[in-house]
Amino acid sequence: MFKIKTWHILVLISLLGFAFRLYFVLQTNNFSDDSAYFTIRQTEHIKESFLPITEDELSYGGRTFLYPPLFFYLLAFFNLFLPKLFVYKVLPIIFISFLPFILYKIIKLLVDSEKVALTSTAFGTFMPIVIGETLNKISVYSILLPLILLFIYLLLRIEEHQQSFILLSFILLLLHPIAILIALSLIVFVIISYTEEKNITKVQKEGILFFILLTLLIEFIFFKKAFLDLGLDIIWQNTPAFVLENFFKEFTIAQHIYLLGIFPLIFGIWGTIIGFKKEGTEQVFLIGSFLITTFTLLFLKMIPYSIGVMFLGLFVGILSSFSFESASNYLERTKLLHHKSKLVFLFILILFASMLIPAFYNAREIISNALSNEDIEAFQWIKQKTSNNSVVLTSLNEGHMLTAIAKRKNMMDTNFLYIPHINQRMTDLNTMYTTEFESKALELFKKYNIKYILVTKETKNFYNIQKLRYVDDKECFRGIPGFDDTEIYWVIC
Amino acid sequence: MIQKFIGLFASKKFTIFLFFLCLFTFLTPNLFRGNENGLIGEEAYFYIGITEQMLDDGLLNVYDQFSYGGREYDYVFPWAVILYLLNLLFGIPLNILSVFLPYTLSILSFILIYFILKSFKFTIEQTNIGMLLLIISPTFLFLSSTSNKYILPFFLSLLAFYLFIHKNEVLKNTSFVVFILLPFFSLTMTLISLFLLLLYIYFYKKGDATFFWAIFGSVISLSVLGIFFPIISTSPFLDLFLNTSIQKSSEGINPFLMDLISDFGGDLGIGIFSLFLSIIGLFLIWWYKKNVALISVSLLFLILLSAKKIEPFIYLNVFVALLSAIAIMEIAQLKWTSRVMKNFTILVIICGIVFSSISYINELRSELPNKNIIKSLEFIKGTTPVESTVLSYYKNGFWIESFAKRKTVMDSYFIGANDVEERYKDLQNLFKTRNIDKAMEILKKYEVNYIYVDNAMRQETWKYDEEGFLFLLKYSDNFKKIYLDDFVTIWRVEA
């Protein structure tokens with residue numbers, strides 16, 4: 001007779017997550033985030049020249065860009081023998097599908113019960129914020145999340161996995177600067193362990209020292225110039241004040257409930273309290289250190305809100321296993337024990353419903369925000385009908401789309417680092433879309449050498465405008481026919 | 001493998017290799033910079049300007065017709081005097097001297113440090129690794145490749161110290177002469193040298209009365225300075241604690257941290273990896289109780305003093321190199337649970353230190369002025385009346401005076417300047433204002449004929465293209481653009 005084993009359930013969770021994401025991702029040919037198009041550009045450049053774009057002639061009309069390139073290399077490598085659709089749409093889903101396996105491994109170090117571990121694993125997998133941040137965006141977090149959790153697991157089992165730990169340290173740091181979060185968390189871990197008089201093994205100390213030094217080296221190699229220019233403000237990556245206002249949203253309980261799910265949030269907080277108060281093991285301290293560091297950085301508005309909440313959700317989700325275990329133990333001591341299986345089923349059903357419904361709506365919203373076909377046509381028109389050196393005005397969130405699809409210079413995009421006078425540029429961009437004065441607009445077009453203006457439906461919504469107010473002057477602006485919601489203007493003056 | 005690697009540092013051949021390495025490394029920033037960009041930094045041009053004035057007016061009668069619209073100096077500049085004497089005696093051009101004099105003195109200082117360290121109880125590996133770290137330290141790279149006022153007194157203080165600790169009595173007594181000379185070059189470094197010497201005597205040579213001769217020699221020099229140069233007699237520690245409101249600007253970084261760490265932009269700072277290692281090294285000397293009192297008290301004194309002055313960083317750098325060497329040796333010799341982790345950690349440390357040095361060399365190489373600045377200032381020199389005054393921010397002052405030979409409203413030499421605080425405030429108000437009357441009033445006050453703005457000034461002074469005075473320069477008829485290239489714009493004041 002076929003007996004269901006733990007790994008069967010894990011594979012099932014992983015496959016469910018995979019299918020859920022795939023269902024949404026294949027509903028559109030386009031992507032839901034501007035930065036996805038930047039990733040495509042980098043990947044294709046690497047495929048052609050084996051090097052990432054460091055001197056970008058199209059971004060900001062020409063700029064320097066230094067960034068950990070491993071994710072782009074990885075995609076370029078797979079793109080050598082796999083079709084683009086698979087690499088950009090399916091591969092990130094495959095990466096994130098490893099999350100349940102690693103989550104389970106870590107949670108199993110915390111609690112004995114396999115059922116509890118599997119329940120917590122399922123919560124982590126279907127957390128709305130995790131799905132939202134990794135769906136249809138070619139997001140580096142698709143691979144980063146499983147790898148960061150794997151790093152935690154390897155550190156806890158470093159005696160057996162020294163070489164894997166070293167290799168993973170390099171990979172993480174070459175993937176994304178968020179790896180600094182790990183280094184900071186490890187410092188917090190050492191401090192907490194010292195104050196709580198918990199012994200960290202010698203090899204763990206060696207591993208932590210190695211990782212901190214490596215972080216220092218690699219981050220300095222990539223971001224030294226930015227650090228010199230911006231000082232500690234590098235934390236905000238030269239992001240314009242205008243963007244920061246939306247980037248770091250204020251904390252609200254409703255947002256947390258929606259993004260994390262109400263039950264995981266309650267059980268997570270409860271589990272965290274139990275973990276620290278009763279368990280106090282090395283594993284709890286390590287996960288707790290990540291939790292404290294993420295919360296502190298989020299509280300100080302030092303990491304983007306959605307990313308911070310995503311990490312927070314995952315770590316709280318791991319620690320929620322304590323509360324599930326505690327609830328399960330409590331149930332066994334009550335008269336309800338006879339109905340345990342029904343109660344557990346009902347409990348899990350409610351929990352899943354509280355996560356899957358927000359996850360579903362979140363995913364649907366993300367897919368609906370994908371680039372429209374008309375916008376694609378507009379970018380294709382720009383590519384075919386304009387000269388190679390033309391600078392095209394787009395909204396901030398369409399800058400990478402322009403450079404990737406139309407292959408033309410943008411005035412601004414979301415890679416703000418190393419750009420001087422960024423607030424001025426942001427102000428100018430907003431002015432060009434909102435000013436009533438033709439003379440002001442023309443002056444700015446001259447300043448940035450802008451030859452074409454793109455006004456998409458999203459741009460109109462963002463700036464709350466029906467059309468540009470100064471384009472009626474036919475001597476200076478000529479509208480390009482053939483589009484409905486999207487407008488393209490040629491700047492003649 | 002690591003043990004074999006460490007063993008290399010113990011050989012005498014390695015010491016010789018270090019000497020040749022320092023000959024090459026100290027020259028690299030200037031070698032890579034190329035001739036067309038001129039000398040590195042502002043200070044070199046300040047001393048060239050002063051030396052040229054000395055050559056024109058005589059050694060003790062320096063009137064700077066360009067600085068702050070024309071000013072007299074109440075004292076001489078020792079570094080400029082040395083340049084003047086060498087130029088006079090050997091006819092070596094000033095720009096050549098500005099490169100090779102600091103280079104030569106750095107090599108001599110390096111040799112003296114080696115002999116001083118040898119006389120203490122450090123192993124040959126520790127000494128050699130320490131010396132290697134010293135060669136590639138940003139502090140030494142700065143001292144050896146720029147024309148600066150620190151390298152000569154640093155060399156003299158090392159010479160005095162070395163002579164003092166020498167067993168030969170004649171040499172020991174010679175140190176008295178060097179201690180007499182030292183205060184003429186730097187009061188701060190004299191103070192540091194005497195303090196370090198006092199510590200040495202307290203911890204190693206209790207009862208050695210020669211120390212009082214060193215103090216006596218320095219006090220004589222101070223008295224001479226006080227009699228001949230009134231500005232020092234009114235405030236004997238002016239050089240030590242002079243503060244104006246014009247502080248080094250730093251965006252986001254604490255100024256002390258910025259000075260301390262070269263990776264944050266400090267000229268005489270320490271590499272972040274070396275700093276990290278030196279903290280481990282300090283912990284180790286406390287653990288093993290080796291030279292702990294001498295090193296700890298010296299470090300404490302230097303760190304306290306460095307809150308006010310940057311000279312202590314030069315001495316701090318020597319201690320940091322030594323402590324880092326101790327830390328590297330310990331990390332290499334310590335029994336690690338994981339050998340792979342050990343090898344990788346040491347590799348990361350080496351890469352970190354080398355990266356700090358390479359990127360610092362690159363920064364020195366690309367330091368201003370550049371060819372655009374030199375070309376634009378030659379344009380001013382060739383096309384404007386000799387008595388014109390050029391306004392820019394103070395960091396461009398020395399270049400305007402040296403290349404264009406025109407008067408400035410302000411430059412970076414604040415000590416003893418006329419109304420320095422008032423001038424600074426006026427310029428800040430001018431750069432911020434969009435009121436043409438207010439701007440013209442300030443320009444008239446300082447008889448400004450030309451306005452010189454480069455990209456570095458734009459970046460430091462304004463955030464927006466049409467902010468403050470830039471708006472007036474762009475739209476007012478009172479200013480006419482007479483020069484424009486990728487880096488520099490020059491306007492003539494019309495009204």
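Each chain gets a letter, A, B and so on, in the order its sequence line appears, and its residues count up from 1.
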Rounded at 0.5 Å granularity, tell me how far [atom1] in [X] sits from [atom2] in [Y].
X      : Y      : atom1 : atom2 : value
B/F344 : A/Q163 : CZ    : CD    : 8.5 Å
A/Q424 : B/E467 : CD    : CD    : 8.5 Å
A/I221 : B/S359 : CD1   : OG    : 9.5 Å
B/L334 : A/K202 : CG    : NZ    : 5.5 Å
A/E159 : B/T337 : CD    : OG1   : 8.5 Å
A/F210 : B/I346 : CZ    : CD1   : 12.0 Å

Measure distances from [X] to the heavy atoms of chain B and classify the residue's part below 4.5 Å as side chain, backbone, both or neither.
X      : answer
A/K205 : neither
A/L213 : both
A/L216 : both

Evaluate whether atom [atom1] of [X] has more than 12 neighbouring non-hydrogen atoms of other residues, nucleotides or ligands under 6.0 angstrom away.
X      : atom1 : result
A/Y463 : OH    : yes
B/K371 : NZ    : no
B/K480 : NZ    : no
B/F283 : CZ    : no

Heavy-atom pair count under 4.5 Å with chain A, highest-scoring of B/F276, B/F355, B/W462:
B/F355

Check against side-chain contact (heavy atoms from CB on, under 4.5 Å), B/W336 and A/L209:
CA-CA 12 Å; B/W336 285 50; A/L209 177 71; 4.1 Å; yes

Is there a donor in the side chain of A/E206 and an acceptor in the side chain of B/T345, or the other way round, less than 3.5 Å apart?
no

B/L347, part contacting chain A, at a heavy-atom distance under 4.5 Å
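For B/L347, no heavy atom lies under 4.5 Å from chain A.
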
Check whether any side-chain heavy atom of A/F165 sits under 4.5 Å from a side-chain heavy atom of B/M341, and report yes or no.
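Counting from C-beta outward, A/F165 and B/M341 do come under 4.5 Å.
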
Which one wins on heavy-atom pair count under 4.5 Å against chain B: A/I422, A/T201, A/I218, A/V203?
A/V203

For the residue pair B/S356 and A/K224, what are the closest heavy atoms and their distance?
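Minimum heavy-atom separation between B/S356 and A/K224: O-NZ, 4.5 Å.
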
